[in-house]
Participant: 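Quick one: the structure is below, questions incoming.
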Amino acid sequence: MKNTFYRLLDSDYFGTIIKVSGKNVFRFDLELNDWKETGLMILFYSDESDKYELYEEISEEQANDFIKEAKRDKTL
């Protein structure tokens, strides 16, 4: 099954990386250094939310690059 990746663009979750695998949705947790299941995307899919469509689809390679950059920035 192919995963789909998103980067959130709203002010509360800006830069959060999301992985959708089938019906399962995960966000990358920098503290755990792992993917953690989340229901966060419901806010971005609902047209009644102020966060509606405030995300961009990215490639797996881009997701990995964003995660590496966030890890590096966290250690500075």
Side-chain angles (χ1 to χ4, degrees):
M1 174 179 310
K2 184 177 184 242
N3 296 322
T4 305
F5 293 87
Y6 300 99
R7 185 169 71 109
L8 304 184
L9 303 175
D10 72 306
S11 59
D12 295 327
Y13 300 101
F14 185 82
T16 299
I17 303 300
I18 301 291
K19 175 173 70 172
V20 178
S21 181
K23 293 184 180 183
N24 299 312
V25 180
F26 305 89
R27 69 174 174 81
F28 193 82
D29 187 311
L30 288 171
E31 297 293 322
L32 297 174
N33 195 35
D34 202 1
W35 295 99
K36 182 175 180 180
E37 199 158 8
T38 184
L40 188 60
M41 285 304 286
I42 192 79
L43 297 172
F44 296 84
Y45 290 152
S46 172
D47 61 359
E48 296 178 10
S49 172
D50 63 341
K51 298 180 185 315
Y52 181 59
E53 293 188 336
L54 290 177
Y55 60 87
E56 64 179 346
E57 187 171 340
I58 59 175
S59 68
E60 184 171 4
E61 181 179 351
Q62 288 173 306
N64 290 331
D65 289 344
F66 283 126
I67 290 168
K68 285 178 193 172
E69 183 178 329
K71 287 179 183 178
R72 187 190 67 226
D73 289 347
K74 187 176 177 184
T75 60
L76 296 177

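Side chains are part of it too, since the values below use all heavy atoms of this structure and drop only hydrogens, waters and symmetry mates.
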Participant: Got a sec, which residues hit side-chain hydrogen bond (donor to acceptor under 3.5 Å, both in side chains) with D65, two or more places apart in sequence or on another chain?
Facilitator: none

Participant: Are F26 and I18 joined in one hydrophobic group, where the rule is that I, L, V, M, F, W and Y side chains link up if heavy atoms are under 4.5 Å apart?
Facilitator: no

Participant: Name all pairs fulfilling the side-chain hydrogen bond (donor to acceptor under 3.5 Å, both in side chains) condition that reach into residues 33-48, sequence neighbours left out, sorted by first residue then second.
Facilitator: N33-K71

Participant: Rounded to the nearest 0.5 Å, what's the gap from CG on D10 to CG on D50? Could you check?
Facilitator: 8.0 Å

Participant: Quick one: side-chain hydrogen bond (donor to acceptor under 3.5 Å, both in side chains) partners of E57, sequence neighbours excluded?
Facilitator: none

Participant: For E31, enumerate each residue passing the salt bridge (charged side-chain N to carboxylate O under 4.0 Å, His left out) test, keeping only those at least two apart in sequence or located in another chain.
Facilitator: K74

Participant: Around atom CD1 of I42, are there more than 12 heavy atoms of other residues, nucleotides or ligands at under 6.0 Å?
Facilitator: no

Participant: Linking I/L/V/M/F/W/Y whenever any side-chain heavy atoms sit under 4.5 Å apart, do I17 and V20 land together?
Facilitator: no

Participant: Write down the atom of L30, the atom of I67, and the distance for their closest heavy-atom approach.
Facilitator: CD2-O, 4.5 Å

Participant: Using salt bridge (charged side-chain N to carboxylate O under 4.0 Å, His left out) as the criterion, list what pairs up with E53, not counting sequence neighbours.
Facilitator: none

Participant: Just to verify, what does N3 make a side-chain contact (heavy atoms from CB on, under 4.5 Å) with, not counting sequence neighbours?
Facilitator: F5, K19, S21

Participant: ring-ring contact (aromatic ring centres under 6.0 Å, His included) with F66: which residues, sequence neighbours excluded?
Facilitator: none

Participant: Go through the structure and list residues passing side-chain hydrogen bond (donor to acceptor under 3.5 Å, both in side chains) with N64, not counting sequence neighbours.
Facilitator: none

Participant: Can you name the residues that form a ring-ring contact (aromatic ring centres under 6.0 Å, His included) with Y6, not counting sequence neighbours?
Facilitator: Y55

Participant: My understanding is that only residues two or more places apart in sequence, or in another chain, count here; which of them pass salt bridge (charged side-chain N to carboxylate O under 4.0 Å, His left out) with D29?
Facilitator: R27

Participant: Excluding sequence neighbours, so at least two apart, what forms side-chain hydrogen bond (donor to acceptor under 3.5 Å, both in side chains) with S59?
Facilitator: Q62

Participant: Could you identify which residues cluster with F14, counting Ile, Leu, Val, Met, Phe, Trp and Tyr as linked when any side-chain heavy atoms lie under 4.5 Å apart, either directly or through a chain of such contacts?
Facilitator: L9

